[in-house]
Amino acid sequence: MSLEELNKRVKTDLSYLAFGGSDWVRPLDHTEGHVYDAVIVGGGQSGLAAAFGLLRERVSNILVIDENPDGLEGPWETYARMVTLRTPKQLTSIDLGIPSLTFRSWWEAQFGPEEWEAIDKIPRGDWMNYLRWYRTVLNLPVINKVKLNLIEPVEEGLHRLHIEGSGAPSDTILARKVVLATGIQGGGQWYVPPMISDNLPSHLYAHTSKPIDFKKLRGKKVAVLGGGASAFDNANFALTEGVDQAHVFVRRKKMPRINPIRQMEASGLIERFPALSDADKYAAISHFFKHNQPPTNDTFSRATSWPGFNLHLGAPWLSVEQKDEGALVKTPQGEYYFDFLIISTGLLTDPALRPELKLVENHIARWGDFYDAPDEVANPVLDAHPYLSPGFAFISRDEKGKKRLHGLFAFNYSALISCGISASALSGMRFGIPNLVEEISNQLFLDDREDIMKNFFDYDEEEFVGEWLETSNQSH
């Protein structure tokens, strides 16, 4: 099968499901202009899947915006530096149960079934190409180079989005529902320890989420702080790009070896996570945080095969200072001089860190508001996460905020404790999207409940047109 034939198959499959039927949502008029039923912020895998999910539910008055250029949404060709995805290739995700929309179908249409059997994991670049195809074949309403600056509640169930960028159709747009499909960093911000940011000029370090000009580092000596998968991705990438030495520093004395996601994928903990009690949810994610996601075996092998690779275990950074043209790092094992530092220390999650939520974040409930965790699992990092509904909706911590938050959804990493990894990992995407779409659709329906019910009770269009003639049944 060719890609052209697959495109036709997708259209056929969707036609069998009556995809593209007329909307049931009532249009909302406003003096400022058009009102979208939903605006999805983020055109990566989460945003695209959310758009497809809504279209399947006949909610088509939607828009997806992304601040990046067309084809560069998400991390895959910006700051992701792994060779392959870490997710097992057989797991389905944003296809939402349509076989012809799976990555496997896309791959086999171009390379054949034998090549599918031959690959171990999905190559990163091919995943991005698949997302571009997915967007195109489904004709999803995405506009690029549009950045959301601020969400301004207008009235209950209506939000004014302040936007900018060369792709922005105006300074503001109106939306009944707003979905923050903004990825890992979308619930907070990437974290650089103050020990580094306070003592070094910005040109001597970068977080793994930032662009790094590796050409300038050829022949240089770099350090990577962190022991998770991203640290080894970056070390391997740096060495591939010509860095002379890459030293990975891990606080723990032993490498993390357990990846809890693998257990979650097989045990039902991903798809059934919302059914857990708050105590179980908190305990599960507290345990999850204790296990830094280890590098894949193939990434570790690639990195350690380079003669310039060095691994330092039990080596937390005690101090960092500028020295000459580089940085001096002090550890319990001694001092090291580097030309550049790559920081792989994850992120902090808190709605207060998000500028677009500035007008509403004080109303957003956090886990610390709803659950008093036992000392053995309590973690202030977890407590700062938003406390969301099973459908990813923000919940107000006070009565005043209920109207202001109505219609706002966090389909990003900040949903981790409330909804599990269903918005933050491909493993859970096919379970999280239906929950998100259902809650958005239910809200739209209930927002218009009075008119919908009135129209139902007033409906008097005659469908049956048959006539009964008494003479037609007379006995002879």
Does [X] have any side-chain hydrogen bond (donor to acceptor under 3.5 Å, both in side chains) partners at least two apart in sequence or in another chain, and if so, which?
{"X": "His30", "value": "none"}
{"X": "Glu271", "value": "none"}
{"X": "Tyr413", "value": "none"}

How about Asn236 and Arg302: does a side-chain donor come under 3.5 Å of a side-chain acceptor? no
Is a side-chain donor-acceptor pair under 3.5 Å present for His162 with Glu152? yes
Under the salt bridge (Lys or Arg N to Asp or Glu O under 4.0 Å) test, which residues partner [X], sequence neighbours left out?
{"X": "Arg354", "value": "Glu356"}
{"X": "Arg262", "value": "Glu265"}
{"X": "Asp278", "value": "none"}
{"X": "Glu361", "value": "Arg366"}

May I ask you to decide whether [X] forms a salt bridge with [Y], counting only side-chain N to carboxylate O separations under 4.0 Å?
{"X": "Asp244", "Y": "Lys221", "answer": "no"}
{"X": "Asp70", "Y": "Arg135", "answer": "yes"}
{"X": "Asp213", "Y": "Arg218", "answer": "no"}
{"X": "Arg160", "Y": "Asp171", "answer": "no"}

Can any side-chain N or O of Gln333 pair as donor or acceptor with the backbone N or O of Thr331 at less than 3.5 Å? no
Donor-acceptor contact below 3.5 Å, side chain Asp233 vs main chain Ala231: no
Taking the side chain as everything from C-beta on, heavy atoms only, tell me whether [X] gets closer than 4.5 Å to [Y].
{"X": "Glu73", "Y": "Asn144", "value": "yes"}
{"X": "Leu408", "Y": "Val360", "value": "yes"}
{"X": "Thr87", "Y": "Ile122", "value": "no"}
{"X": "Glu156", "Y": "Asp447", "value": "no"}
{"X": "Arg81", "Y": "Phe214", "value": "yes"}
{"X": "Ile440", "Y": "Val179", "value": "yes"}
{"X": "Leu444", "Y": "Lys177", "value": "yes"}
{"X": "Met82", "Y": "Arg124", "value": "yes"}

Roughly how far, to the nearest 0.5 Å, is CG of Leu54 from CD of Glu57? 8.0 Å
Within residues 383-403 or reaching into it, pairs that qualify as salt bridge (charged side-chain N to carboxylate O under 4.0 Å, His left out) - sequence neighbours excluded: Asp369-Arg397, Glu399-Lys402
List, one per line, each side-chain donor-acceptor pair under 3.5 Å for residues 42-50, sequence neighbours excluded.
unit_1	atom_1	unit_2	atom_2	d
Gln45	OE1	Trp127	NE1	3.0

Output all residues satisfying ring-ring contact (aromatic ring centres under 6.0 Å, His included) with Tyr134, sequence neighbours left out; order by chain, then residue number. none
Please set out all donor-acceptor pairs under 3.5 angstrom arising from side-chain atoms of residues 181-203, sequence neighbours excluded.
unit_1	atom_1	unit_2	atom_2	d
Thr182	OG1	Asn412	ND2	3.0
Trp190	NE1	Ser209	OG	3.3
Asn199	ND2	Met195	O	2.7

Fit a plane to each ring of Tyr282 and Tyr371, take the angle between them on a 0 to 90° scale, and name the class: parallel (under 30°), tilted (30 to 60°) or perpendicular (over 60°). tilted
Starting from the C-alpha separation in whole Å, work towards a yes-or-no answer on side chain to side chain contact (heavy atoms under 4.5 Å, CB included) for Arg176 and Leu28. CA-CA 9 Å; Arg176 299 178 66 180; Leu28 180 64; 4.0 Å; yes
Looking at [X], I want to see if its [atom1] is surrounded by more than 12 non-hydrogen atoms of other residues, nucleotides or ligands under 6.0 Å.
{"X": "Glu325", "atom1": "CD", "answer": "no"}
{"X": "Asp372", "atom1": "CG", "answer": "no"}
{"X": "Lys147", "atom1": "NZ", "answer": "no"}

Under 6.0 Å between ring centres: does that hold for Tyr36 and His34? yes
For residues Phe392 and Phe409, establish whether the separation of their ring centroids is below 6.0 Å. no
Please collect all ring-ring contact (aromatic ring centres under 6.0 Å, His included) contacts where either partner lies in residues 242-270, sequence neighbours excluded, each pair once. His247-His312, His247-Phe338, Phe249-His312, Phe249-Trp317, Phe249-Tyr336, Phe249-Phe338
Using the rule given for side chain to side chain contact (heavy atoms under 4.5 Å, CB included), can you reason through Phe411 versus Leu180, listing the C-alpha separation, both sets of side-chain angles and the distance that settles it, and then say yes or no? CA-CA 6 Å; Phe411 194 70; Leu180 298 176; over 6 Å; no
